[in-house]
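A short write-up of the structure that comes next.
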Number of protein chains: 2
Amino acid sequence: MATKIFIIEDEPSIIKLVQHNLEKEGFIVSSSLNGNEGLKELKKFQPHLLLLDWMLPDLSGIDICKSIRRESNLKNLPIIMLTAKGESEDKIKGLNSGADDYITKPFSFNEVLARINALLRRSEPNTVADNLEYEDLKLDRIEKRVYRGEKHIDLGPTEFRLLEFFLVNPKRVYTRDQILENVWPNNINVESRTIDVHIRRLRQAINIGGKKELIRTVRSSGYSLI
Amino acid sequence: MATKIFIIEDEPSIIKLVQHNLEKEGFIVSSSLNGNEGLKELKKFQPHLLLLDWMLPDLSGIDICKSIRRESNLKNLPIIMLTAKGESEDKIKGLNSGADDYITKPFSFNEVLARINALLRRSEPNTVADNLEYEDLKLDRIEKRVYRGEKHIDLGPTEFRLLEFFLVNPKRVYTRDQILENVWPNNINVESRTIDVHIRRLRQAINIGGKKELIRTVRSSGYSLI
DNA sequence: TAAGTATGTTACAGTTTTGTTAAAAATTAA
DNA sequence: TTAATTTTTAACAAAACTGTAACATACTTA
């Protein structure tokens with residue numbers, strides 16, 4: 001899924017510059033020229049990251065930031081503050097109000113891009129890389145395909161998500177609860193044993209032609225990708 | 001557990017300033033004055049965050065950054081670059097090498113603190129390896145694996161918890177009651193002799209190939225990890 | 001030294017956890 | 001709609017782990 005970015009900034013020239021370039025980079029971008037309206041649209045748009053100007057005609061960036069951090073479903077939204085204020089005091093105020101990063105004007109687009117990527121990499125590993133690899137296993141998120149070496153592997157949707165999840169942190173052991181939470185759609189209730197069945201199917205699919213087993217069972221803990 | 005921060009920076013005055021103030025904030029801080037040594041100590045110290053200088057006498061901060069991102073158990077270590085280079089180009093290079101944030105000198109301590117907190121807030125708890133080591137014994141809590149030297153050791157769940165418990169305070173002697181209380185699930189009742197059997201199993205597992213005995217019996221008291 | 005106490009070792013039965021299969025239920029595609 | 005695919009559950013099999021008892025060995029002390 002493409003990454004969505006929302007911009008709240010009152011200077012049209014900046015919006016134009018940033019929005020255009022971000023779209024060229026493959027992001028889906030939406031923006032607003034003022035605070036109150038921006039806050040509303042933001043909730044509809046559900047972005048993966050917010051670029052937020054400090055000085056706005058109505059609400060201040062700080063207020064927006066605080067307001068966002070109070071909303072339970074936006075609590076973790078990565079926020080980059082965008083502002084002319086370069087004083088150290090201001091940076092601290094900005095960061096403490098809940099922003100994750102802070103860029104002072106004037107800035108180059110490349111700096112914005114680098115910080116966006118750094119922040120996205122941190123906040124949600126799966127929004128960045130298009131494909132994941134481990135040993136001779138390759139998963140392409142765009143094509144939704146999996147390969148073991150040269151061989152193409154057909155996976156059902158759940159097995160695909162399961163493998164995708166494991167590939168983000170290979171070697172790490174996950175409990176069944178963690179797997180459920182991350183691989184299954186929210187608020188769904190399935191038996192934890194259901195996972196075992198999907199693990200089995202995934203194993204069967206990726207262990208082709210006598211190749212090495214790639215999923216490790218850790219008794220009383222869970223599973224890991226080797 | 002307190003948050004551990006590691007600093008690699010060649011200017012003693014900066015180390016002193018930052019380290020002292022961070023400790024006042026309740027962090028556990030360790031530091032190194034150069035790259036190669038720092039990288040080694042870092043792996044032992046297992047910090048939750050790294051403050052990394054760009055310009056170092058031997059390795060550059062960029063190289064250290066890249067090297068860290070290649071280590072599977074340090075992949076998610078939050079890194080803040082600390083440097084005199086303020087040019088936009090450099091920032092991009094720094095962030096793209098895998099750093100999560102970037103502070104230019106001169107900085108105020110409060111700005112460093114604000115950025116540290118912003119980054120820690122963002123980073124997923126538990127992604128940083130809380131590994132335990134003693135002599136050539138290594139226990140990885142994330143991967144749930146144990147190594148003696150290079151050799152991988154397979155342990156059952158109880159033996160794993162037992163070793164984990166001993167590794168927190170090596171050399172300390174624990175009574176069977178203390179072991180029961182800390183290693184066994186609450187409200188379970190097992191004979192104290194059961195511990196002896198698990199100790200034996202653990203011993204057998206970790207004393208591979210004529211290596212030195214690591215568990216000491218203290219008659220009429222209990223056991224300790226040497 | 002011998003008796004008494006503490007620990008080492010082993011085997012095994014019972015328990016828990018995981019693997020595997022098949023069929024019912026749900027979802028998606030035609 | 002029906003057909004095809006996918007997901008979930010349940011049931012049983014297999015494997016791994018646990019606790020205990022029983023005996024062996026080592027240490028302590030009278």
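Naming convention: chains lettered A, B, ... in sequence-line order (proteins, then strands); numbering from 1 in each chain. A quick note: this is a predicted structure, and the numbers were derived from the prediction, not measured.
Between B:Ser220 and the phosphate of D:dT28, there is no side-chain N or O to OP1/OP2 separation shorter than 4.0 Å. For A:Thr158, no side-chain nitrogen or oxygen approaches OP1 or OP2 of D:dT6 to under 4.0 Å. Within the structure, every side-chain polar atom (N or O) of A:Tyr223 is placed at least 4.0 Å from both OP1 and OP2 of C:dT17. Contact between the side-chain N/O atoms of B:Arg219 and the OP1/OP2 oxygens of C:dA6 is not found at any separation under 4.0 Å. Residue A:Arg203 places at least one side-chain N or O under 4.0 Å from the OP1 or OP2 atom of C:dG19. Residue A:Trp184 places at least one side-chain N or O under 4.0 Å from the OP1 or OP2 atom of D:dT8.
Computed from coordinates, the B:Leu202 CG to C:dG8 P distance equals 12 Å when rounded to whole Å. In this structure, A:Asp154 places its CG atom 8 Å from P of D:dT6, rounding to the nearest Å. One atom, CZ of A:Arg176, and another, C1' of C:dG19, lie 11 Å apart when rounded to the nearest Å. Across the protein-nucleic acid pair, B:Asn207 atom CG and C:dG8 atom P stand 12 Å apart, rounded to whole Å. In this structure, the CZ atom of A:Phe160 is 16 Å from the C1' atom of D:dT6, given to the nearest Å. Following rounding to the nearest Å, B:Ile199 (CD1) and D:dC17 (P) show an atom-to-atom distance of 18 Å. Atom pair A:Ile195:CD1 and C:dG19:P shows a separation of 12 Å (rounding to whole Å applied). Distance CD1 (A:Ile188) to C1' (C:dA25): 13 Å, rounded to an integer number of Å.
Between A:Phe166 and A:Tyr134, the ring center distance fails the sub-6.0 Å criterion.
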Could you walk me through whether A:Asp196 and A:Arg193 pass salt bridge (Lys or Arg N to Asp or Glu O under 4.0 Å), step by step? CA-CA 5 Å; A:Asp196 299 16; A:Arg193 286 303 314 274; 2.8 Å; yes
Could you walk me through whether B:Lys144 and B:Asp154 pass salt bridge (Lys or Arg N to Asp or Glu O under 4.0 Å), step by step? CA-CA 10 Å; B:Lys144 298 231 185 266; B:Asp154 244 330; over 6 Å; no
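Which of D:dT18, C:dT7, C:dT18 sits closest to the side chain of B:Glu159 comes down to D:dT18. Set against C:dG8, D:dA10, D:dC17, the side chain of B:Thr217 has C:dG8 as its closest nucleotide.
Between A:Asp136 and A:Lys211 a salt bridge is recorded (basic side-chain N to carboxylate O distance below 4.0 Å). A salt bridge links A:Asp101 to A:Arg115: one of the charged nitrogens lies within less than 4.0 Å of a carboxylate oxygen.
B:Thr194 comes within contact range of at least one nucleobase, with a heavy-atom separation under 4.0 Å. Across all strands shown, A:His198 has heavy atoms under 4.0 Å from base atoms, whether or not it also approaches the sugar-phosphate.
Mapping A:Arg193 and A:Arg201 onto DNA chain C via the closest heavy atom, the residue that lands nearer the 5' end is A:Arg193.
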